[in-house]
Amino acid sequence: MAIICVTFPSCYMENTARNIKKDSQISATKKLQSIDFNHIWHPFTQADQWFDADPLIVEKAEAMYLIDCEGNRYLDGISSLWCNVHGHSHPEFLAAGHRQLDELMHSTLLGLTHRPIIECTERLVELLPGGLSRVFYSDSGTSAVEAGLRISLEWWQKQSSSLAKIKTQLASLQGAYHGDTLGAVGIGYLDFFHGALSSNVVQSNRVRPPHIFRFEQGLSEEQALARSIAELEDFFVSRHETLAGFFVEPIVQGAAGIWIHPPEYLAAIARFCRKYSVHLIVDEVATGFGKSGKLFACELADLEPDILIMGKGLSGGYLPISAAACTEELFEGFRGKPSEGKTFFYGQTFAGNPLAARFAEVNLRIFQESSLLGDVASKIDYFGKLIEDKIENLSHVDEVRRAGLMTGIELTAAPGQRQPFEIDREIGVKITRAARKKGVVIRPLGNVIILMPALAMSNEELETLVSVTAAAIDEVCS
Ligand SMILES: *Cc1c(COP(=O)(O)O)cnc(C)c1O
């Protein structure tokens, strides 16, 4: 087989900072780059765009900074895809991780258990919203979402009443994202991403949250809330008999571009779920672990879910581990003699991996023992003021949506009129590249620039993040 080595246009010869680098270092970087370009298929990435610029090859990370293989430092403005909580290479994680490495790196939760997962769970159940006392572990946000939907659907089937057995449907909100396996895509289906799979996906029933009315019909916030609650009620009245569970990302729809749900809307979903016996399943994979200002965003709307899904930040963002926390009532539905067919036949090889579980335990310990969560309100205020001062008035910024530290900056091609840039102008990617030249890593979602700083980011670093983002938007858009 011939190995085709593509040579890509490279900009680093013109880069004066890099000219002084030793030839050997440049050629070592080029070698890594060419292996990547020739052999790696990057998720959610258009290869033609990827080949267009030198990749940032991350080699190390310290606190809020990613460090590339030539020693350049970049502020991590997206907390390594919305995961990192306390900063990279945090000493408490390193110490606990080293001890755990020496003791046990992997053993299974299928038929066995282990110390780190038990110690992690002891802390988790103390911190979870009321009623959630039974934790099912997995290894990614998506696979915990799948666990949640399977638990809900199977629970109804394992009930004895024939009325329960007709509850075979799921519901979710338009604009939702719940992960990327086909089950998760069913509740988060978006034509732009999943159109090619439309005949393979079992789509959930979709309800329109307030922002859809606001955005598509130009309604005010109050009108949009009233319309969406009215639609929600009609939906429950007509469909509840067949409805098993209702999925929602509490407070913020993340991957749709940071769209905010008013707490009243979430409270209405919870009310109808109770009234009509439908499981309330909250996907806190993005919102969990402090980014909303609370440990879990459902606390902002006083939700008491039947299932709460966690992922990204559970290990402090260090290693893959996720969970679906459930009520005891749901767990009870799966108990019985082996012959009764009630066992939950679902799980992953690396579910609840010991090293990841140790990091989750350290993450939860820091939340319990430090002032991090208590200090976050003033940090969120400060961050909000920076955004007001430096970003909201830029001419190509149409709207900034923010809940806690989670921020989406919606760009417009025509100031004053809501009009997205044409996709092939690659505005988001260009802004990302401009920010990177100034030492900051951010990532767009289409026409929306996302800022997702780690909870522990300092005010000074937040200021750098916002100033550089503003400069990059200005440079590319005007
Ligand atoms: C990221 C995300 C997921 C998927 O998690 P993975 O770990 O990428 O599988 C699911 N739901 C929400 C809300 C997310 O933000």
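Note that ligands are numbered from 1 as they come in the structure, with each ligand's atoms numbered from 1 the same way. Hydrogens, waters and symmetry mates are skipped; everything else that's a heavy atom, side chains included, is used.
Residue contacts with ligand 1 for His178 involve N, CA, C or O but no side-chain atom from C-beta outward (heavy atoms, distance under 4.0 Å).
Distances from atom 9 (O) of ligand 1 to the heavy atoms of Thr142, Val145, Ile309 put Thr142 nearest.
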Worked verdict on Val397 versus Glu392 for side chain to side chain contact (heavy atoms under 4.5 Å, CB included): CA-CA 6 Å; Val397 169; Glu392 276 178 13; 5.6 Å; no

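Regarding atom 2 (C) of ligand 1, its nearest protein heavy-atom neighbour is Lys312 NZ, 2.5 Å. Protein heavy atom at the shortest distance from atom 13 (C) of ligand 1 is Asp283 OD2, 3.3 Å. In this structure, atom 6 (P) of ligand 1 lies nearest to the protein heavy atom Gly141 N, 3.4 Å.
For Ser143, no nitrogen or oxygen atom sits less than 3.5 Å from a nitrogen or oxygen atom of ligand 1, counting backbone and side chain alike.
Ring orientation note: the planes of Phe367 and Phe289 are tilted relative to one another, at an angle of 30° to 60°. The aromatic rings of Phe246 and Phe236 sit parallel to each other, their planes meeting at less than 30°, with 60° as the upper class boundary.
The cationic group of Arg134 lies under 6.0 Å from the six-membered ring centre of Phe331 and within 45° of the ring axis, placing it in a cation-pi geometry.
Around CD of Gln46, the count of heavy atoms belonging to other residues, nucleotides or ligands within 6.0 Å exceeds 12.
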